[in-house]
Amino acid sequence: MAKGTINVSVENIFPLIKKFLYSDHEIFLRELISNATDASLKLKHLAKLGETKATVEDLKIEVKVDKKGKKLHVIDRGVGMTKEEVEKYINEVAFSGAEEFLAKYKDTAKDAGIIGHFGLGFYSSFMVADKVEILTKSHIEGEDAMHWSCDGSPEFTLEKTDKKKDVGTEIILHIAKDSTEFLEDHRISELLLKYNKFMPIPIKFGTREETLPLPEDADKDAKPEKITVDNIINNPTPAWTKQPSDLKDEDYKSFYRELYPMQFEEPLFNIHLNVDYPFNLTGILYFPKLTTNIDVKKDRIQLYQNQVFITDNVEGIVPDFLQMLRGVIDSPDIPLNVSRSYLQADGAVKKIATYITKKVADKLQSLFKNNREEFEKKWNDIKIVIEYGMLTDEKFYEKAQKFALFPTVDDKYFTFDELKEKVKDLQTDKDNNIVLLYASDAKEQHSYIEEAKNKGYEVLLLDSPIVSHLIQKFEGDNAELSADKKPVKFARVDSDFIDNLIKKDEEQISKLSDDEKNKLKEIIEEVVPKETYTVQLEALDSNSNPFVITVPEFMRRMKEMSQTGGGGFMGMSNFPEMYNLVVNTNNDLMQKILKAKGKKEEYINQALDLARLSQNLLKGEELTKFIKRSFELMK
Ligand code: ADP
Ligand code: MG
């Protein structure tokens, strides 16, 4: 048996880096600017410790495009490198000076915000360049400036240079033929705004003109003076890096506009995240106004690590139901060099998701407690997130019991407990269930809502697409009868005739004999289509409508649940439309139908069509027929 070590030589590594290391070539710029930022932050840190004489005033990073020379320059005034450091950190692939710095200064540098980690970032420049040069001068006094050059083959040159006078590093990329897009100003500017917009050291890209304001005593035909200033592309101290106590409401709003320049709608409120144990995380989340046609792919939560933009795909990190929110989270502790499925199983990441959920719940709870009126006003715009969260996250569900609201068609808002308390006397049925009535559309279900209100019942307005799942869950959790608790049932107002929705013990008196009832049922069934309607005779108030169409609660709910994706109900959405036709045997029309010679069919069709009309079911040719028939009957 032969044994040995696999030899990973640089010859093998270069093409690998070029092809596979990063699928996105554009990230080379993010990596170079991260290194330049690290070098600047390190110098600042050393200055604080009194370990350097180099100047740290006004540190800046500059990006320059030399289109003619086909070169891209990234220049910093950071720590620079000695000859030995170039040999160690640059020539040895996968050796990170960032890691070493953190290890050496571990007591003080934790909060310095150093980005580097794996010692591979620098080599990503070979994805777009066929030759890379480094000019560098260490901040350590007496060290020579060095020039390193490499054309992508494993051979490099390293020599003293007198081209570099100031402390810091200049990286020069000779852009390859297949990557000339990175010689375009607009492309570089786009990348800087995408990845570096909130990095901690100012980044200069070209210059721009600024008009100075005129002094107050200026001549009336004086021209305002124009000056050329550095074009700084980033905001080095974005709101999330500050303390909540230093920020006003307006600061949060203006940061929102900075994050999403194309969003014109203001956010409803924000949540400032800030923890340093057991993991590091800062950020600001915003609740946007959620409309049903929200584009979830656009303007998503952005993930940063030490102020470097990483991605706006936070799947696996932020719980699903909170991905409708906007804002930023910044955490150096999220392992991103792993697959998404691994991410979801990672302990630290799970804790992050739990923390975010808790913060959101706490914020909602305090908004509800401190200003209920405002909270009620916002309810419609935020309910989707809360309802979705209650369905998918048991902990959130528990917390949300305190602030989840049930609005009525009359614009009253109850919590679940308040609601039960309010309706328990009138809306308890003969089997001791509390029956909560709801409508999904106040206009379409108007006549049913009126019937319920006439009895003094409260009618909720529950109109989100996932509401059938949610009430199913509520019923399940409140199914048991105990000394201080009654089971809770939900019923949509049009799912049965009102007296059947909340059944009381009262005996109903019928005007028809059993014989007459049988005959009536027979006649009606001959006329109405059997596949669609189940005829159901009821002795109701004689003033109530003769025919009422209802959709059984169970059928409708299962169907809705299968449409919005619920386990176990697949295929239900293909079920044919089925309705109950409730016939009020006490309405005078029934006598007419029984006694009429001709016309029987006309009466039945007319009453059926009127019932369909109030359920918004009468359309097209059938509506035309109905109108014709109505005119005929008037003659
Ligand atoms: P990482 O940043 O993960 O440590 P890189 O491959 O990006 O890995 O860089 C390797 C090392 O090279 C850095 O840790 C740092 O020590 C050194 N280095 C790279 N760029 C610069 C720079 N602009 N100034 C000073 N040192 C640098
Ligand atoms: Mg790096």
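First listed ligand is number 1; within each ligand, the first listed atom is number 1.
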Novice: Just say parallel, tilted or perpendicular for the rings of Y304 and W240, cut-offs at 30° and 60°.
Specialist: tilted

Novice: Indicate, as side chain, backbone, both or neither, the part of V74 found under 4.0 angstrom from ligand 1 when only non-hydrogen atoms are considered.
Specialist: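 The answer is neither.
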
Novice: Give the atom numbers and elements of ligand 1 that come within less than 4.0 Å of a heavy atom of A39.
Specialist: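 With A39 as reference, the close atoms of ligand 1 come out as 24 (N), 25 (C).
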
Novice: Counting heavy atoms only, name the option from I134, N35, I75 that's nearest to atom 7 (O) of ligand 1.
Specialist: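 Of the listed residues, N35 has the closest heavy atom.
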
Novice: I need the atoms of ligand 1 closer than 4.0 Å to a non-hydrogen atom of G121, numbered in the order shown.
Specialist: 5 (P), 6 (O), 7 (O)

Novice: Using a 4.0 Å cut-off to any heavy atom of I90, which atoms of ligand 1 qualify?
Specialist: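 Heavy-atom distances to I90 below 4.0 Å select 12 (O).
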
Novice: What do we get for T136 next to ligand 1 when only non-hydrogen atoms under 4.0 Å count, side chain, backbone, both or neither?
Specialist: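 For T136, there is no contact with ligand 1 at all, from either part.
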
Novice: Do any N/O atoms on D76 end up under 3.5 angstrom from N/O atoms on ligand 1?
Specialist: yes

Novice: N/O/S of N35 less than 2.8 Å from the Mg ion (ligand 2)?
Specialist: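 Under 2.8 Å: N35 contacts the Mg ion (ligand 2) through an N, O or S atom.
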
Novice: Under 30°, 30 to 60°, or over 60°: which ring-plane class applies to Y123 and F126, parallel, tilted or perpendicular?
Specialist: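 If you compare the ring of Y123 with that of F126, the planes turn out parallel.
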
Novice: Is the closest side-chain heavy-atom distance between Q307 and T37 below 4.5 Å?
Specialist: no

Novice: Parallel, tilted or perpendicular: which describes the rings of F182 and F28, with under 30° parallel and over 60° perpendicular?
Specialist: perpendicular

Novice: Show me the donor-acceptor pairs, under 3.5 Å and distance only, between side chains in residues 252-260 and residues at least two apart or in other chains.
Specialist:
residue: Y252; atom: OH; partner: H272; partner atom: ND1; Å: 2.8
residue: S254; atom: OG; partner: D251; partner atom: O; Å: 3.3
residue: Y256; atom: OH; partner: R326; partner atom: NH1; Å: 2.8
residue: R257; atom: NH1; partner: E266; partner atom: OE2; Å: 3.3
residue: R257; atom: NH2; partner: E250; partner atom: OE2; Å: 3.1
residue: E258; atom: OE2; partner: N235; partner atom: ND2; Å: 2.8
residue: Y260; atom: OH; partner: R300; partner atom: O; Å: 2.9
residue: Y260; atom: OH; partner: G327; partner atom: N; Å: 2.8
residue: Y260; atom: OH; partner: G327; partner atom: O; Å: 3.4

Novice: Hey, is R187 close enough to E190 for a salt bridge, meaning N to O under 4.0 Å?
Specialist: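 Salt bridge between R187 and E190, a charged N being under 4.0 Å from a carboxylate O: yes.
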
Novice: Any N or O of M81 that comes nearer than 3.5 Å to an N or O of ligand 1?
Specialist: no

Novice: Below 3.5 Å, N or O to N or O, backbone or side chain included: is there any such pair between E31 and ligand 1?
Specialist: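 Such a contact does not occur with ligand 1.
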
Novice: E51 and H45: side-chain donor and acceptor closer than 3.5 Å?
Specialist: no

